[in-house]
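Per chain, numbering begins at 1; letters A, B, ... match sequence-line order.
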Amino acid sequence: MQKLKKYNVLPDLIQDLKIFLVESLGDDVLIDDIEFLRPSDEVMGDISTNFALKKASKFKKKPRDFAQELKLIVEKSTFSVNFNKIETAGPGFLNFYFSDLFISNGLQYIKNVDKAYGSSNIGNGKNIIFEFVSANPTGPLTIAHARQAAVGDTLCRIYKKIGYHVCAEYYLNDRGVQIYNLGHSVYSRYMEKCGFKADFPENGYKGEYIVDLAESIFQDENKKYVDWEKEKAISAFSDKAYHVIFDEIKNDIKEFNVHFDTWFSERKLEEEGRIENALKDLQDKKIAYEKDGALWFRTTDFGDDKDRVLVKSDGSTTYLASDIPYHWDKLKRGFGKLVNLVGPDHHGYISRLKAAVDAYDEKGSEKLKVLIVQLVTLYRGKTQVRMSTRLGEFISLRELIDEVGIDAARYYFARRKPESLLDFDIELAKQQTPDNPVFYVQYVYARIASILRKYKEQFGNRKINPYGDLNWNSMENGDRSLIKSLLRFPDTVKGAALNFEPQRITLYLENLAAVFHSYYNKNKILDPDNTEKMDMRIHIIKSVALIIKNGLEIVGAGAPEKM
RNA sequence: GCGCCUGUAGCUCAGUUGGAUAGAGCAUCAGAUUUCUAAUCUGAGGGCCGCAAGUUCGAGUCUUGCCAGGCGCGCCA
């Protein structure tokens with residue numbers, strides 16, 4: 001007699017079942033032909049396959065007959081122990097219902113691996129780099145940056161979970177015309193402060209923070225710079241200003257629970273001569289040429305609709321000129337996948353960037369994934385808040401953290417598909433009403449924490465059954481449904497990662513929370529008259545709490561013990 | 001004009017990458033607490049999935065063409 005095949009994790013069961021079916025059916029079937037999905041309704045089973053429906057014609061059989069054959073094959077196999085029943089249904093679906101053995105094994109597995117539950121080794125240690133935010137250090141981060149930060153950080157956490165070696169990087173534009181504008185703006189405010197009439201730059205930054213910076217320099221060094229030659233002073237002010245602003249950016253990002261591994265400096269790229277080298281390289285390869293006194297990148301060779309300027313006729317370089325060696329550097333560092341999160345205004349830039357990486361590596365553009373993170377439309381109640389960094393009108397990340405709170409903000413940003421526009425009503429978000437789904441999810445954790453406190457208080461002296469000795473016979477349908485929700489977590493993490501869709505995590509959490517709250521209302525957990533059931537349920541809700549906490553952590557929010 | 005995104009309930013959005021009877025929250029209405037946290041739960045109403053063709057056993061999902069909205073198309077960043 002063959003040994004029965006027991007499983008702990010859903011993906012493993014499905015994978016082996018596919019392999020088994022391929023072996024049983026012979027050469028004509030590929031593993032990718034077989035697909036398992038989740039029926040829309042629980043009464044239609046826990047997992048189901050449409051294989052019979054899809055391939056019946058190939059086997060010259062009627063779909064329902066074919067499904068019936070498959071049903072018998074699995075029933076006779078060593079897999080049958082994982083299923084309570086298998087049924088053919090509809091036009092030719094085959095529906096599988098989990099056995100209590102599979103369900104209880106699954107729960108036991110969650111308990112055993114604890115915090116690692118949901119992790120997998122799909123990435124197999126491959127290197128992936130996420131570049132996001134990368135805002136110019138010329139002003140505070142806005143709410144649009146906040147969304148990018150939240151989405152990027154969450155994606156990084158998800159990819160770590162599925163076994164990738166992840167690098168989160170911030171590309172710092174610490175040179176160039178915007179940094180000059182920043183210095184010039186502060187210089188003008190400083191000169192005004194010192195009683196001189198100063199010309200404010202046309203594209204200068206008009207925010208109040210510029211005045212504050214000038215004020216602070218005046219406090220520290222008084223009228224020291226008044227006699228300096230203008231350009232020299234502006235250069236000094238540029239340096240001072242961007243360091244102060246960049247430090248604030250770093251602080252805000254850290255407080256927002258967002259982690260960067262590396263901060264890549266454009267200025268350093270220039271100082272090391274790598275921009276120049278890259279341009280020379282392109283010219284040697286004849287994919288850059290001079291025309292009208294400028295240097296052009298022949299991006300049309302790579303599918304762009306027109307060539308792009310690298311060096312302007314005034315001798316200064318464009319962003320693209322720096323981005324080329326920067327992205328080559330990413331490839332040199334051994335990243336097999338480059339993910340860039342950018343705003344929708346950079347959309348036209350994608351083909352340029354693809355050309356840049358292709359110029360270095362034939363497969364460069366396959367490795368590069370540019371994810372557009374859409375804008376946030378901000379509301380205060382019904383009124384839309386218009387934003388412009390240069391005009392100094394915005395809601396900063398700092399204000400967002402202060403007003404809305406980190407948990408709610410992070411959760412809110414993770415909740416929507418990155419490429420969808422997001423309406424963010426500050427008034428609503430800061431009200432902390434039940435409208436806010438993060439509280440609904442966090443409440444699960446707080447409720448369970450409360451039950452566990454009470455359990456310890458009332459039954460703390462009781463000897464608790466070792467986990468393996470739990471009596472699963474007392475499982476009811478409510479228990480089964482709740483555990484089955486828990487078994488979906490690993491696949492959810494995988495799907496969120498491979499599709500770059502963090503909202504799948506929050507969606508899962510809200511669904512799990514709904515299942516739990518409903519369960520809570522119907523089932524008494526602490527029941528001294530039935531300690532076997534109580535022990536079992538304590539283990540179930542501990543696992544629920546574990547996954548809620550794991551899930552919230554992925555989106556950067558916390559799980560409070562009390563609310 | 002070209003390109004990208006979006007269009008699903010009154011509102012905000014899901015829809016597991018082509019599956020079975022299209023879902024949830026809010027709002028509206030009707031209920032639930034001698035009980036572990038009511039920030040909760042149970043139920044009801046609410047739909048031309050923008051429109052029209054096509055692909056096939058099967059389409060909210062894929063293709064094409066329209067319609068509507070948003071954004072981008074510089075020797076700006």
Side-chain angles (χ1 to χ4, degrees), chain A residues 35 37-41 43-45 48-50 53-54 56-57 62-63 89-93 95 135-136 138 173 176-178 181 203 291-296 305-306 308-320 343-351 372 374-375 377 389-390 415-417 419-423 425 428 432-444 446-455 457-458 488 491-492 494-496 498-499 501 503-504 506-508 510-511 513-514 516-527 534 537-538 541 562-563:
Chain A
E35 184 184 4
L37 35 105
R38 181 186 178 181
S40 51
D41 194 322
V43 301
M44 295 189 284
S48 98
T49 181
N50 56 3
L53 198 52
K54 252 171 135 179
S57 59
K62 288 182 185 170
F93 289 102
N95 296 336
N136 288 345
T138 52
N173 300 116
V177 72
Q178 293 309 326
N181 274 341
N203 291 322
K291 191 185 97 183
D292 304 334
L295 185 69
W296 296 72
D305 30 314
K306 56 181 164 181
R308 307 292 172 172
V309 170
L310 294 165
V311 182
K312 293 178 253 178
S313 51
D314 70 358
S316 63
T317 58
T318 61
Y319 255 39
L320 182 61
D345 50 330
H346 283 65
H347 166 255
Y349 204 73
I350 296 174
S351 49
I372 306 249
Q374 267 293 354
L375 294 176
T377 316
T389 308
R390 279 188 196 156
R415 200 166 174 255
R416 196 132 308 162
K417 222 180 280 179
E419 63 268 24
S420 299
L421 285 164
L422 173 61
D423 287 338
D425 183 347
L428 190 73
Q432 307 211 339
T433 61
D435 291 359
N436 200 332
V438 69
F439 294 108
Y440 183 74
V441 174
Q442 288 180 322
Y443 186 44
V444 172
R447 261 187 159 171
I448 292 174
S450 168
I451 298 171
L452 293 177
R453 278 193 299 270
K454 214 143 241 172
Y455 177 74
E457 206 176 280
Q458 294 176 14
R488 307 276 178 199
D491 265 347
T492 304
K494 180 185 166 188
L498 300 182
N499 295 286
E501 292 188 347
Q503 86 280 3
R504 295 192 187 207
T506 54
L507 207 70
Y508 169 85
E510 283 164 45
N511 184 268
F516 173 78
H517 285 311
S518 175
Y519 174 86
Y520 173 91
N521 270 273
K522 280 184 207 139
N523 300 291
K524 182 87 181 157
I525 314 272
L526 300 181
D527 181 3
M534 175 166 70
R537 287 187 167 160
I538 287 294
I541 65 167
K562 284 180 183 175
M563 287 177 83

Item to check | Gap in Å between the two P atoms, one belonging to rG10(B) and one to rU16(B), rounded | outcome: 22 Å
Please write out the pairs of protein N or O atoms and N or O atoms of nucleotides 3-5 of chain B separated by less than 3.5 Å, giving the distance to one decimal.
unit_1 : atom_1 : unit_2  : atom_2 : d
rC4(B) : O4'    : H347(A) : NE2    : 3.2
rC5(B) : O2'    : E419(A) : O      : 3.3

Next on the checklist: By the 4.0 Å heavy-atom rule, please label T492(A) as base, sugar-phosphate, or nothing.
Outcome noted: nothing
Checklist entry - Residues in salt bridge (Lys or Arg N to Asp or Glu O under 4.0 Å) with R504(A), at least two apart? => result E501(A)
Next on the checklist: Which residues pass the side chain to side chain donor-acceptor pair (under 3.5 Å) test with S40(A), not counting sequence neighbours?
Outcome noted: none
Next on the checklist: In this structure, how many angstroms lie between the P atom of rC71(B) and the CG atom of D345(A), rounded?
Outcome noted: 12 Å
Checklist entry - What is the nucleic acid contact for D314(A), judged by heavy atoms within less than 4.0 Å: base, sugar-phosphate only, or nothing? => result nothing
Next on the checklist: In whole Å, I'd like the distance from the CD1 atom of I350(A) to the P atom of rC2(B).
Outcome noted: 20 Å
Checklist entry - Should rU21(B) be called syn or anti, with syn set as within 90° of 0? => result anti
Checklist entry - Within a reach of under 6.0 Å around NZ of K312(A), are more than 12 heavy atoms found that belong to other residues, nucleotides or ligands? => result yes
Checklist outcome for this item: Dot-bracket assigned to RNA chain B with the 3.5 Å Watson-Crick/G-U criterion, [ ] for crossing and | for other-strand pairs, is (((((((..((((.....[...)))).(((((.......))))).....(((((..]....))))))))))))....
Checklist outcome for this item: Whole-Å distance, Q178(A) CD to rC76(B) P, equals 11 Å
Item to check | P atoms of rG60(B) and rG45(B), separation to the nearest Å | outcome: 23 Å
Next on the checklist: If you only use heavy atoms from C-beta on, which nucleotide in rG19(B), rC13(B), rC75(B) is closest to the side chain of F93(A)?
Outcome noted: rG19(B)
Checklist entry - Rounding to a whole Å, what distance do you find between K306(A):NZ and rG72(B):C1'? => result 12 Å
Could you list, one pair per line, each protein nitrogen or oxygen that sits under 3.5 Å from a nitrogen or oxygen of nucleotides 29-37 of chain B, together with the distance?
unit_1  : atom_1 : unit_2  : atom_2 : d
rU35(B) : O2'    : K524(A) : NZ     : 2.8
rC36(B) : O3'    : K454(A) : NZ     : 3.4
rC36(B) : O2     : L526(A) : N      : 3.1
rC36(B) : N3     : I525(A) : N      : 3.0
rC36(B) : N4     : Y520(A) : O      : 2.8
rC36(B) : N4     : N523(A) : O      : 2.4
rU37(B) : OP1    : S450(A) : OG     : 2.3
rU37(B) : OP2    : S450(A) : OG     : 3.0
rU37(B) : O2'    : Y443(A) : OH     : 2.1
rU37(B) : O2'    : R447(A) : NE     : 3.1
rU37(B) : O4     : M563(A) : N      : 3.3

Checklist outcome for this item: Between L53(A) and P91(A), the two heavy atoms sitting closest are CD1-O, 3.5 Å
Checklist entry - If you look at every strand shown and take non-hydrogen atoms under 4.0 Å, does V311(A) touch a base, only sugar-phosphate, or nothing? => result nothing
Next on the checklist: Using the C1' atom as the point on both nucleotides, what is the distance between rC5(B) and rG50(B), in whole Å?
Outcome noted: 16 Å
Item to check | Between rC13(B) and rG7(B) - P atom distance, rounded Å | outcome: 10 Å
Checklist entry - Looking across every strand, which nucleic acid part, if any, lies under 4.0 Å from R416(A) by heavy atom: base, sugar-phosphate, or nothing? => result sugar-phosphate
Next on the checklist: Within the 4.0 Å heavy-atom criterion, would you say A56(A) contacts the bases, only the backbone, or no part of the nucleic acid?
Outcome noted: nothing
Would you tabulate the nitrogen or oxygen pairs shorter than 3.5 Å linking the protein to nucleotides 15-17 of chain B?
unit_1  : atom_1 : unit_2  : atom_2 : d
rG15(B) : OP1    : Q503(A) : NE2    : 3.4

Item to check | Whole-Å distance separating the CG atom of L53(A) from the P atom of rA59(B) | outcome: 12 Å
Checklist entry - L310(A) CG to rC76(B) P: how many Å, rounded? => result 13 Å
Checklist entry - Counting only N and O atoms by type, is there a donor-acceptor contact under 3.5 Å from the side chain of N95(A) to the main-chain atoms of M44(A)? => result yes
Item to check | H346(A) NE2 to rG70(B) P, straight-line distance once rounded to whole Å | outcome: 22 Å
Item to check | Separation of atom OH in Y349(A) from atom C1' in rC76(B), rounded to whole Å | outcome: 11 Å
Next on the checklist: For Y519(A) and R537(A), which I'm curious about, is there any donor-acceptor pair between the side chains at under 3.5 Å?
Outcome noted: yes
Checklist entry - Quick one: the side chain of S313(A) and the base of rC75(B), do they pair up donor-acceptor inside 3.5 Å? => result yes
